[in-house]
Amino acid sequence: MFSLAFAPLDAVRTAAAQVQGSQINDFLGEVKPDFVPGWAVPLTAAAIAVGIAMAIVSLIAMIGTWLERKVSGHIQCRYGPMRVGWHGWLQPLVDGIKLLLKEDMIPKGADRVLFVLAPAIVLASVMAAMVAFPLGPGFYFADINLGIFFILAMTSTTTIGVVMAGWSSNSKWSLYGAMREAAQVVAYEIPLGISLLVPIMVAGTFNLIEASNGQGGGLGIFNWYIWPWVNPFMLPAFLLFFVAILAETKRAPFDLPEAESELVAGFLTEYSGIRWSFFFMEEYAAMFLYCVVGSFFFFGGFESPLTSIARTTDVNVLIQVAAATTIILKGFAGLFLMMWLRWTLPRVRIDQVMTMGYKYLTPLALACVFGAALFEAFLAPVLPWRS
Amino acid sequence: MDFRGIYDRLRAMKAPGMTGCDEPREKNPEDKKDKGRFGDPYVLVEPALLPAFLDAVRMDAHLAFEMCIDLTASDPSTDDENLWVIVQLLSLTHKHRLSIKCLLPKANPVMPTSVPVHRTCQWHERECAEMYGITFEGHPDPRNILLPDDWVGSPLRKDYEFPEEYHGISCK
Amino acid sequence: MTQTQEHSPTISQSEGRTLESGEREYMLDVRTTDLEVNMGPQHPATHGVMRILVRADGELTTGAQPHLGYLHRCAEKIGENVEWLQYLPYTDRYDYLAAMNNNLSYSLAVERLMGIEIPRRAMMIRTICAELNRIGSHLIAFGTYGLDIGAFTPFLYMFREREWMMALFEKICGARLTYSYIRIGGVFNDAPPGWLSEVERFCDTFDEKWQEYVDLLMVNHIFVKRTADIGVIPKEMAIDFGLTGPMLRGSGIDWDLRRDMPYELYDEIWKSGCFEIPLGTGERGTLGDCWDRVYVRVMEMRESIKIVRWCLANIEPGPVIADIPKTLKIPPGECYVGIENPRGELGHYVVSDGGKVATRVRVRAPSFVNLAVLEAIMPGTLLADAIAIIGSTDIVIGETDR
């Protein structure tokens with residue numbers, strides 16, 4: 001259970017540096033009694049932020065697993081879970097309890113420290129990334145200027161955890177999984193980052209909220225960056241981004257690190273119970289996070305007809321709720337798309353993954369950036385709807 | 001080609017090691033002890049020359065037995081002093097089959113391997129070796145295939161006694 | 001990890017050679033120690049309890065050695081200890097995905113020794129059952145192959161059709177997997193009323209679904225990329241290893257026992273021209289690759305439907321089992337009968353000494369023979385390809401180990 005305690009602590013440490021100037025921090029600063037020292041404020045704020053982040057991560061993982069089972073079930077002409085609650089909506093809760101109660105096993109010959117640490121690192125990094133995820137234009141833990149950068153950096157830290165898990169398990173299948181994960185993530189970080197440069201260039205900011213604000217107006221739809229009239233290189237950039245996040249989150253057809261028919265369960269082979277569930281929570285949270293990032297930079301972020309209507313009322317709470325609903329729905333729409341792909345496509349081979357990443361996606365992403373830059377520099381200023 | 005034709009051709013080409021053939025016959029109504037012999041005809045081959053025989057019938061254009069379908073053994077009874085090694089050949093070109101039987105003395109069940117001729121014999125011979133205790137000389141990989149490596153005895157021999165226990169597991 | 005890895009490059013003296021100019025040339029050996037990985041006995045891709053000892057250099061396999069016997073149930077020994085009729089249920093257990101075909105092979109072997117005539121209606125029902133079971137078996141083969149490649153959904157679609165097929169068998173004989181329905185002398189009982197028309201409905205539905213599978217998996221770009229040019233078995237190698245069934249036809253060799261050495265009614269069916277023998281063509285890659293083998297299976301399903309339709313159109317009322325005694329005494333002799341099982345030629349070599357019990361029952365199991373080719377084609381492929389190759393051989397461990 002060491003890792004259970006460790007994960008939030010690690011996240012607190014990471015988040016503490018980032019929550020300076022967050023809403024919670026400001027609020028705590030105002031209500032702080034005099035006898036509390038000043039340095040306690042950001043720490044407490046960070047702890048609260050991480051607590052909320054952890055709750056969100058678990059919630060997303062629960063909804064994610066339920067959705068996965070339902071989506072796969074309906075794609076495969078069956079129902080999926082139906083017994084626990086209406087259409088099995090309580091199933092993830094029951095599963096969670098089962099996983100908690102399972103025997104905590106560490107295989108013989110495993111590197112115990114690394115084995116225990118690995119799921120904690122994986123979960124901590126995704127929770128830290130969650131800190132930068134704004135739920136509404138005025139409702140966030142930390143309004144980080146380099147928000148997208150922070151999220152990418154934190155989520156790719158999970159790789160270290162996965163490699164640790166694979167190495168420490170003392171199983172050759174785990175080692176294979178870890179090596180594949182490392183190779184794959186390194187290959188796809190590049191096109192992922194480069195393809196994101198296109199909307200970043202258009203938005204002129206790394207900040208998620210500012211990127212969203214840049215897409216306002218036009219009934220909440222027509223100013224999304226994805227549209228070709230904003231920048232024709234945005235759609236190919238999004239496709240590259242989507243393929244790259246599939247690979248980053250180890251989702252089919254790029255689920256090689258797990259590859260259940262080849263590597264038994266890859267780096268997860270020796271994990272069970274709560275530790276195993278950590279990896280799963282990370283997977284769903286990371287998927288959701290990447291989808292949210294995608295919607296912030298390509299699909300209007302908070303902007304939707306719903307938010308536009310809410311804006312007309314001028315009630316701040318309504319606007320925030322509408323924005324939060326919008327972004328969560330967009331995130332889950334992306335999640336659904338990823339699940340749909342998973343249950344449709346076969347798996348590609350490791351050399352094909354590498355070829356695709358290095359030989360096709362990276363040059364294409366670079367070409368996209370180049371084209372988009374030219375467009376931004378010469379054409380965008382003269383387009384009436386871009387001025 | 002039917003069996004007669006194949007047999008005539010085998011004799012004409014002087015197939016190495018062939019000693020004769022056995023064909024089914026009705027039972028003799030006068031002899032009460034005779035039960036007859038039914039089923040398939042086969043040719044008898046000297047075990048030591050089986051690989052040469054297989055190679056010869058594969059190369060012969062009229063027979064062209066390219067494929068070895070099966071190689072197995074049989075222990076007719078405890079009284080018999082011979083084991084049978086039975087090979088089923090198939091010709092894809094001429095669409096005919098041939099059964100071959102080799103009589104191998106139980107006292108010294110050693111014969112050369114047929115793997116150089118048909119690689120499919122590799123696993124069949126491993127199975128025969130472990131089940132009947134036949135030694136195939138020159139076999140590239142003479143390990144047990146279905147039985148554990150430390151299994152004692154030849155289970156498909158008629159005089160095989162089941163072991164009382166195996167690694168502490170009761171077998172009876 | 002306990003694996004020892006030699007990372008330091010070494011110059012091996014033995015591999016040095018003198019060039020024409022008089023200089024010495026050495027091979028710089030920078031290879032690391034190969035990893036030995038046990039694929040199995042519990043591994044999702046071995047389709048049962050089989051172990052393949054894979055030597056791997058990173059993702060590249062440099063050697064593969066199948067280890068069998070985990071499911072050895074002494075079928076041949078049992079055959080020498082039970083009566084002729086009692087052995088029939090054991091035949092269900094070798095290739096449990098195609099139990100009808102196993103029953104048929106054994107029954108034909110014993111019938112050949114007895115020299116009895118089988119009623120025509122029995123042969124019709126036998127053919128229908130065997131071909132339906134071939135479809136079911138190929139559905140599993142194709143579905144699990146998709147699973148090996150990473151596509152989960154087609155597998156469950158195929159189970160849907162197989163479920164119907166099993167329901168049909170349940171109606172005719174009460175069992176869903178181990179039927180023992182085809183008996184020595186005919187079949188156990190006549191088809192219940194309405195059964196034949198339901199088979200017809202199955203055939204109609206299946207044609208439609210078949211197209212779906214082909215669109216969903218067979219021509220899927222990723223699937224083709226994963227299977228084409230992988231695990232190529234050239235014609236000579238296929239014959240050398242005694243491969244039969246779809247493995248042989250996948251290598252482009254036009255051989256099907258149903259046509260070339262017909263048993264039962266297949267001669268008549270073939271002459272009516274209602275079915276064809278699909279062959280591997282190498283249209284997506286090289287002739288004899290994994291894709292071709294799977295393609296042959298997929299095409300065979302549709303041919304089987306045609307055979308079933310022919311039987312349905314020509315079936316007539318009549319007796320379904322020949323008059324045979326309860327305790328069989330088989331006349332002395334020996335014979336070998338091989339039939340076209342979904343996996344290849346399933347042969348029974350039976351020897352009788354005239355008694356109630358067989359002297360020898362030898363099972364020539366297609367999976368056992370087909371599996372041997374792995375040792376030859378797996379080295380040099382990627383680990384993921386190794387899985388694709390194992391899947392394309394379509395083995396049933398119950399049959400390899402017997």
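- Looking at B:Asn144, there are no atoms closer than 4.5 Å to chain C (heavy atoms on both sides), in backbone or side chain.
- Counting heavy-atom pairs closer than 4.5 Å to chain B, the top-ranked of the candidates C:Leu68, C:Asp240, C:Leu71 is C:Asp240.
- When the heavy atoms of residues 84-92 of chain B are compared with those of chain C, the residues falling under 4.5 Å are B:Trp84, B:Ile86, B:Gln88, B:Leu90, B:Ser91, B:Leu92, listed by number.
- The greatest number of non-hydrogen atom pairs below 4.5 Å with chain B, out of C:Thr400, C:Leu113, C:Ile239, is found for C:Ile239.
- Residues B:Phe65 and B:His96 place their aromatic rings such that the two centres sit under 6.0 Å apart.
- With a threshold of 4.5 angstrom between heavy atoms, B:Arg97 approaches chain C through its backbone and through its side chain.
- Among C:Glu375, C:Arg402, C:Met261, the residue making the largest number of heavy-atom pairs under 4.5 Å with chain B is C:Met261.
- Looking only at heavy-atom pairs under 4.5 Å with chain B, the residue among C:Arg362, C:His72, C:Glu76, C:Arg112 that has the most is C:Arg362.
- Residue contact with chain C, scored on non-hydrogen atoms closer than 4.5 Å, involves the backbone and the side chain of B:Ile69 alike.
- Contacts with chain B (heavy atom to heavy atom, under 4.5 Å) involve these residues of residues 333-341 of chain C, listed by number: C:Gly333, C:Glu334, C:Cys335, C:Tyr336, C:Gly338.
- Residues B:Val45 and B:Pro16 share a closest heavy-atom pair of CG1-O, 4.4 Å.
- For a residue to count as touching a neighbouring chain, one of its non-hydrogen atoms must lie under 4.5 Å from one of that chain's; by this rule B:Pro155 touches chain C with the backbone only.
- Across all non-hydrogen atoms, the minimal contact from C:Gly231 to C:Arg293 is O-NH2, 3.0 Å.
- A centroid separation of less than 6.0 Å is found between the aromatic rings of C:His348 and C:Tyr94.
- Residue with the most contacts toward chain C among B:Cys68, B:Ala73, B:Cys121: B:Ala73 (heavy-atom pairs, distance under 4.5 Å).
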